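Okay, so here's the structure we're looking at.
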Amino acid sequence: MNIKTDAVSTLAAELSAHTGRFTDKQFDWNAFPSNAGFPDLARAQMRYIGSGGSPKVGDTSTMKPDNFTLSLIYKEHGKYAACHSHEIEESFLIIDGALIVGWERDGEVVEVNLGPKDMILNAREVGHGFRVDGPEPVLMSISVDVGKPLPPKYHYHPKEHAPELARSFGAEPGKTMPFDPNGTHELQQLMGKFVIRHAEAPTIWEEAGFTRKVYVGEGGIANDTCRKEMWGIPSRTGVQAFTRPVEDAMMVIEGSLTVGWEENGETVEVELGPRDLVKTPAGRKHWFSNNSAGHATVWTVIGTSSDDGVAYKAA
């Protein structure tokens, strides 16, 4: 490989501009103006791709979105997010802590408790909120499956409803049901189709020597926008360069990962640590490898739900 290490090339500069370093970013506690004046709604956002559900504009630290946005959300114990809905799907992937997510319809609510590496894909136009009841704060990755989502529609906000009703996502006492994909209520059955437990998701071993767990896409939650997968990459494992017709983003959850780009015979690389991310544009030849002594866990979002023709080959 012809990896340039002297002067910074155009390709190296482009890769750097498509790399989001956790340590280079800051959490924004004022990302959501609708929370202002309501301490129980406080949460912080760290933007990597686009602004997500935040109306913030002009943030030069975030990358331009194409088919999806991606950010981190930090929520402390006792805080909640008011019930709202979107015109497009929005996923919550838990990184640390335990999060309760509630779906509301006609004053009835189903609640599910999600732990690390669990995910829920919030369905279009379905009212949802989340709450941290456990002793630990929650860190999660939120991805909205469109570059520029419309503002959320609030259903039960403490500005217009009693705080206790807003905290329960709109459920009166006795109107909250537990998550049960085999339950008899239609809302339980609906939510059951949109929750992925990491421990229950099938493990796919690629011939290249790494594993994939499909969260969204064929083999996971049916969807017509983006694909989302959790990769497990053993030490000293890598793949040959490939291209996609759409963008992809790789965020390291555990361990480290090297991501490389190639153009006109030139190759450049960057090593990612936990909560670092690289977004690779459509058509860019790229590869990844784990050159460390430990295992790497990588959250991958791909800008199409259909088969993009990529076959991973061992490096």
Side-chain angles (χ1 to χ4, degrees), residues 18 48-50 52-53 63-71 85-93 117-126 141-150 181 190-198 200-233 238-253 257 259-263 277-288 297-314:
H18 283 77
Y48 287 79
I49 302 173
M63 300 172 219
K64 179 182 178 297
D66 297 305
N67 292 298
F68 58 84
T69 72
L70 194 149
S71 61
S85 61
H86 302 279
E87 86 287 3
I88 194 69
E89 289 87 354
E90 175 189 48
S91 64
F92 299 163
L93 172 76
K117 300 180 186 175
D118 293 343
M119 191 210 77
I120 186 168
L121 184 68
N122 293 295
R124 302 178 186 185
E125 308 296 351
V126 173
S141 172
I142 289 186
S143 180
V144 182
D145 292 351
V146 67
K148 294 182 179 180
L150 297 174
L190 179 63
M191 181 184 271
K193 299 176 182 178
F194 287 84
V195 170
I196 292 289
R197 300 287 192 191
H198 179 266
E200 298 173 1
T203 299
I204 302 168
W205 271 99
E206 290 287 333
E207 291 185 7
F210 71 100
T211 64
R212 296 188 301 118
K213 285 178 177 280
V214 179
Y215 282 52
V216 182
E218 185 176 356
I221 300 170
N223 182 260
D224 62 0
T225 53
C226 297
R227 196 158 77 249
K228 303 179 185 184
E229 302 179 354
M230 187 73 76
W231 292 354
I233 306 172
V239 303
Q240 297 178 26
F242 61 91
T243 59
R244 299 189 195 278
V246 294
E247 83 281 19
D248 66 34
M250 302 178 194
M251 171 176 273
V252 175
I253 304 300
L257 186 75
V259 177
W261 284 11
E262 179 180 344
E263 182 177 67
L277 172 148
V278 163
K279 175 195 172 189
T280 299
R284 168 72 68 203
K285 185 176 287 188
H286 60 301
W287 72 91
F288 60 85
T297 303
V298 180
W299 178 238
T300 304
V301 182
I302 301 167
T304 179
S305 62
S306 59
D307 182 5
D308 54 19
V310 173
Y312 303 106
K313 298 180 180 180

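What you are looking at is a predicted structure, and each value in this text was computed from that prediction instead of being measured. Just so you know, these numbers use all the heavy atoms, side chains as well, and skip hydrogens, waters and symmetry mates. The first residue of the sequence shown is numbered 1, and numbering continues consecutively from there.
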Tell me, please, which residues at least two apart from His286 pass side-chain hydrogen bond (donor to acceptor under 3.5 Å, both in side chains).
Asp248
Using the rule given for side chain to side chain contact (heavy atoms under 4.5 Å, CB included), can you reason through Met119 versus Val216, listing the C-alpha separation, both sets of side-chain angles and the distance that settles it, and then say yes or no?
CA-CA 10 Å; Met119 191 210 77; Val216 182; 3.6 Å; yes
Charged N to carboxylate O under 4.0 angstrom, Arg124 versus Glu87?
no
Output the distance between atom CZ (Arg227) and atom CG (Asp145), rounded to the nearest 0.5 Å.
12.5 Å
Looking only at heavy atoms, which two atoms of Cys226 and Gly303 are closest? And how far apart?
SG-CA, 4.2 Å
d(Leu93 CG, Met251 CE) to nearest 0.5 Å is 9.5 Å
For residues Thr69 and Pro65, report the shortest heavy-atom separation together with the two atoms involved.
CG2-CB, 4.3 Å
Between Lys279 and Asp66, is there a side-chain heavy-atom distance shorter than 4.5 Å?
yes
Tell me whether Glu218 at atom CD has more than 12 heavy atoms from other residues, nucleotides or ligands lying less than 6.0 Å away.
no
Should we say atom CD of Glu125 is surrounded by more than 12 heavy atoms from elsewhere, each under 6.0 Å from it?
yes
When you measure from the side chain of Asn122 to the backbone of Glu90, do you find a donor-acceptor pair of N or O atoms at a distance under 3.5 Å?
yes
Locate the shortest heavy-atom distance separating Pro202 from Lys213; write the atom from each residue and the value.
O-CG, 3.5 Å
Restricting to non-hydrogen atoms, name the atom on Val310 and the atom on Thr243 that form the minimum distance, rounded to 0.1 Å.
CG2-O, 3.4 Å
What closest approach, in Å, do Pro181 and Gly192 show between heavy atoms, and which atom pair accounts for it?
CB-CA, 3.8 Å
Trp299 and Lys117, any side-chain heavy atoms less than 4.5 Å apart:
no
Within the 4.5 Å heavy-atom criterion, are Ile196 and Met230 side-chain neighbours or not?
no
Is there side-chain contact between Val144 and Ile88, with heavy atoms separated by less than 4.5 Å?
yes
Do the side chains of Ile120 and Met191 get nearer than 4.5 Å, heavy atoms only?
yes
Relative to the ring of Tyr312, is the ring of Phe210 parallel (under 30°), tilted (30 to 60°) or perpendicular (over 60°)?
perpendicular
Spacing of OG1 belonging to Thr280 relative to CZ belonging to Phe242, to within rounding of 0.5 Å
7.5 Å
Value rounded to 0.5 Å, distance of CZ in Arg284 from CD in Glu262
10.0 Å
Will you find, in the side chains of Glu263 and Trp261, an N or O donor that is under 3.5 Å from an N or O acceptor?
no
If you take all heavy atoms of Phe68 and Ile302, which pair is closest and at what distance?
CE2-C, 4.1 Å
Within-4.5 Å side-chain heavy-atom neighbours: Leu277 and Ile49
yes
Do Trp231 and Leu257 come close enough that some side-chain heavy atom pair is under 4.5 Å?
no
Listed partners of Ile204 passing side chain to side chain contact (heavy atoms under 4.5 Å, CB included), at least two apart
Glu206, Arg212, Val214
Is there a donor-acceptor pair under 3.5 Å between the side chain of Ser305 and the backbone N or O of Asn223?
yes
Would you give the length of the straight line joining atom CD of Glu89 to atom CG of Leu121, rounded to the nearest 0.5 angstrom?
5.5 Å
Just how far is it from atom CZ of Phe92 to atom CZ of Phe194, taken to the nearest 0.5 Å?
13.5 Å
